[in-house]
Amino acid sequence: MSATTVDQPIPRTRRLHPWPVRIMHWTNAVAMLIMIGSGWGIYDDSVILKGLHFPRAIVVGGWAAESLLWHFAAMWLLVANGAAYLIYGFATGRFRERLLPVRVRDVVETVRDTLRFKIAHEDLTMYNAVQKLLYMVVILAGVAQVVSGVAIWKPIQFSGLIDVLGGFQSARLIHFLGMAVIVGFLVVHVALALLVPRTLVAMVTGGPTVGARR
Ligand code: HEM
């Protein structure tokens, strides 16, 4: 073996979606779907928007109390997994690398191109500006759901939080609107994943190899 071969550093590479990201992403998807479906079951028992009920066929739990049990069970999975994802994202620099920077000009350009059906998705390793923005919004919506959820779960212990959120009914409304943001995101997110199936395969297998982090 020549000296040059020995001296050369072994190039470190990693997958686009390392295994912890894949496990946390799909765990989050399962927990979120249970939270949404059971949340609809709880909502039906005391509606916020008159006339808006969710059909039994799409709610989790046969009746409100059962939906509540599902909601509280999935809550722990969602919070533990979400906390792990946030710690991982900040500690490894993934958030900075994949989600930043987001420039208004780039967002406008991406929206314009998309409306003209010029969606660039040859390069899986880069999120476009709209994707970055949507991912940030949904991560923040997830955090807002946990905070408002804790407030309406334990309104006496967290009465200060209830006050900050403008009272119990206002906290309920915030929790409901957060759900609407997440469901809206999911519709677009899943539709795009199905339109560009390579991204879906990558979220299962890890996707292409990318260079080591700087
Ligand atoms: C249930 C069906 C779901 C499918 C089929 C799906 C699919 C995907 C795919 C294919 C990607 C990679 C996108 C790309 O590389 O261009 C992705 C990333 C992502 N998804 Fe989902 N997803 C689902 C549920 C969710 C849910 C429920 C959330 C959050 C509420 C979510 C949040 C995210 C985020 C934040 C990323 C970026 C992850 C990162 O790069 O760290 N997904 N998803």
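Atoms within a ligand are numbered from 1 in the order they appear, just like the ligands themselves.
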**Student:** To the closest 0.5 Å, what do you measure between OG1 (Thr110) and CZ (Arg105)?
**Tutor:** 11.0 Å
**Student:** Is Met136 atom CE crowded by more than 12 heavy atoms from other residues, nucleotides or ligands, each under 6.0 Å away?
**Tutor:**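 Check passes, neighbour count above 12.
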**Student:** So if I count the atoms of ligand 1 from 1 in the order they appear, which ones are less than 4.0 Å from some heavy atom of Val138?
**Tutor:**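 Every atom of ligand 1 under 4.0 Å from some heavy atom of Val138: 30 (C).
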**Student:** Measure Val190 to ligand 1 on non-hydrogen atoms and call it side chain, backbone, both or neither using the 4.0 Å cut-off.
**Tutor:**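 Near ligand 1, Val190 shows its side chain, while the N, CA, C and O stay back.
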**Student:** To which of Tyr127, Phe95, Tyr135, Phe185 does the heavy atom nearest atom 40 (O) of ligand 1 belong?
**Tutor:** Tyr127
**Student:** Could you pull out, from Glu97, Met203, Arg98, the option with a heavy atom nearest to atom 11 (C) of ligand 1?
**Tutor:** Met203
**Student:** Counting only heavy atoms not in Trp40, do more than 12 sit closer than 6.0 Å to its CH2 atom?
**Tutor:**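 Above 12, so yes.
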**Student:** Evaluate the criterion side chain to side chain donor-acceptor pair (under 3.5 Å) for residue pair Arg15 and Thr205; output intermediate values, then yes/no.
**Tutor:** CA-CA 9 Å; Arg15 308 301 291 271; Thr205 61; 4.6 Å; no
**Student:** State yes or no: are the ring centers of Phe95 and Tyr88 separated by less than 6.0 Å?
**Tutor:** no
**Student:** Would you confirm whether the ring centroid of Trp153 sits within less than 6.0 angstrom of the ring centroid of Phe72?
**Tutor:**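 Yes: the rings meet the under 6.0 Å criterion.
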**Student:** Nearest heavy atom to atom 24 (C) of ligand 1 wins, so pick from Leu186, Leu78, Val183.
**Tutor:** Leu186
**Student:** In ligand 1, which numbered atoms sit nearer than 4.0 Å to a non-hydrogen atom of His17?
**Tutor:** 12 (C), 15 (O)
**Student:** Side chains of Arg98 and His17 only: does a donor on one sit below 3.5 Å from an acceptor on the other?
**Tutor:** no
**Student:** Among all protein heavy atoms, pick out the one at the shortest distance from atom 1 (C) of ligand 1; state its residue, atom name and that distance to 0.1 Å.
**Tutor:** Ala29 CB, 3.8 Å
**Student:** Does the salt bridge (Lys or Arg N to Asp or Glu O under 4.0 Å) test come out yes or no for Glu97 and Arg14, once each step is laid out?
**Tutor:** CA-CA 14 Å; Glu97 183 191 50; Arg14 67 206 149 90; 2.9 Å; yes
**Student:** Looking only at protein heavy atoms, identify the closest one to atom 10 (C) of ligand 1 and say how far it is in Å.
**Tutor:**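 Scanning the protein heavy atoms, the shortest distance from atom 10 (C) of ligand 1 goes to Thr199 O, 3.3 Å.
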**Student:** Please state which option from Tyr88, Tyr85, Trp26 has its nearest heavy atom closest to atom 41 (O) of ligand 1.
**Tutor:**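 Closest candidate by heavy-atom distance is Tyr85.
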**Student:** Under 4.0 Å from a heavy atom of Arg94: which atoms of ligand 1 are those, numbered in the order shown and with their elements?
**Tutor:** 39 (C), 40 (O), 41 (O)
**Student:** List the closest protein heavy-atom neighbour of atom 26 (C) of ligand 1: residue, atom name, distance to the nearest 0.1 Å.
**Tutor:** Asn28 ND2, 3.6 Å
**Student:** I need the NE2(His25)-atom 21 (Fe) of ligand 1-NE2(His189) angle, rounded to 10 degrees.
**Tutor:** 170°
**Student:** List every atom of ligand 1 that sits less than 4.0 Å from any heavy atom of Gln131, numbering the atoms from 1 in the order shown and giving each element.
**Tutor:** 14 (C), 16 (O)
**Student:** Do the ring centers of His53 and Tyr43 come within less than 6.0 Å of each other?
**Tutor:**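 Here the rings of Tyr43 and His53 have centres that are no less than 6.0 Å from each other.
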